[in-house]
Amino acid sequence: MKKETLDYVIEKTHVLMNAASCSSEAKVAAQSWLDAVGTVNEAAATKKYIAELEADIMPIDNLIGFADSEAGVKCFGAELAKNIAAHAREIKAAGAGYCDCPACTAVAEILARKTELL
């Protein structure tokens with residue numbers, strides 16, 4: 001992998017880990033990948049990291065469904081859930097395929113380099 005790609009993904013990985021919306025599983029996978037960079041375990045850790053990121057990124061329709069659900073209202077509160085659903089519909093109409101929270105944005109940026117990582 002090119003140094004430029006590695007540096008970029010390391011930077012975005014730190015952004016992901018610092019995002020309030022980052023799941024605990026993604027944080028663990030990110031740290032495991034960072035720990036493996038430059039070691040014999042890097043290739044295997046990269047595959048695991050990418051698999052976790054692909055599982056964690058929130059498709060826009062899933063976000064809308066969750067925000068509109070009882071579980072979404074419980075998680076966010078009624079007003080915020082309504083606002084999240086409205087925002088998600090708005091960005092979907094503009095062509096977004098995924099949530100645009102800081103964690104999902106970082107994941108999308110990392111996954112855009114997936115071929116270079118593998």
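Sequential numbering from 1 along the given sequence is applied to the chain's residues.
Transitive grouping of hydrophobic side chains (ILVMFWY, heavy atoms separated by less than 4.5 Å) keeps Val107 and Leu63 in distinct clusters. Val28 and Ile110 sit in two unconnected hydrophobic clusters of ILVMFWY residues. Membership requires side-chain heavy atoms under 4.5 Å apart, directly or through other members. Grouping the Ile, Leu, Val, Met, Phe, Trp and Tyr side chains by contacts below 4.5 angstrom, directly or via other members, places Val15 apart from Ile10. In the hydrophobic clustering of ILVMFWY residues, with side-chain heavy atoms under 4.5 Å counting as a link, Tyr49 and Tyr98 come out together. Ile64 is connected to Ile91 through a chain of hydrophobic side-chain contacts under 4.5 Å among Ile, Leu, Val, Met, Phe, Trp and Tyr, so both are in one cluster.
The nearest pair of heavy atoms linking Ser32 to Ala45 is O-CB, 4.4 Å. Annotation for Ser23 and Ala26: closest pair OG-N, 3.0 Å, computed over non-hydrogen atoms.
The distance from atom NZ of Lys48 to atom CD of Glu52, rounded to the nearest 0.5 Å, is 11.5 Å. The SG atom of Cys101 lies 8.5 Å from the CD1 atom of Ile57; values are rounded to the nearest 0.5 Å. In this structure, the separation between CD on Glu116 and CG on Leu6 is 11.0 Å, given to the nearest 0.5 Å. Between Glu11 atom CD and Glu109 atom CD the span is 8.5 Å, to the nearest 0.5 Å. In this structure, CD in Glu4 is found 6.0 Å from CZ in Arg113, a value given to the nearest 0.5 Å. With rounding to the nearest 0.5 angstrom, the CG atom of Leu16 is 9.0 Å from the SG atom of Cys104.
Listed for the Asn18 side chain is a donor-acceptor partner under 3.5 Å among the backbone atoms of His14. In this structure a side-chain-to-backbone donor-acceptor pair under 3.5 Å is missing from Thr13 to Ala30.
Note on ring orientation: taking the six-membered ring where Trp is involved, the planes of Phe66 and Phe76 are perpendicular (angle over 60°, cut-offs 30° and 60°).
Two residues are said to be in side-chain contact when any heavy atoms from C-beta on lie closer than 4.5 Å; Glu54 and Lys114 meet this criterion. Put simply, the side chain of Asp100 reaches to within 4.5 Å of the side chain of His87, judged on heavy atoms. You'll find the side chain of Val37 stays beyond 4.5 Å of the side chain of Val9, heavy atoms only. Inter-residue side-chain proximity for Trp33 and Leu117 is flagged as met; some heavy-atom pair is nearer than 4.5 Å. In this structure, the side chains of Asp68 and Arg89 come closer than 4.5 Å at one or more pairs of heavy atoms.
When the shell of 6.0 Å around NZ of Lys27 is examined, it contains more than 12 heavy atoms from other residues, nucleotides or ligands.
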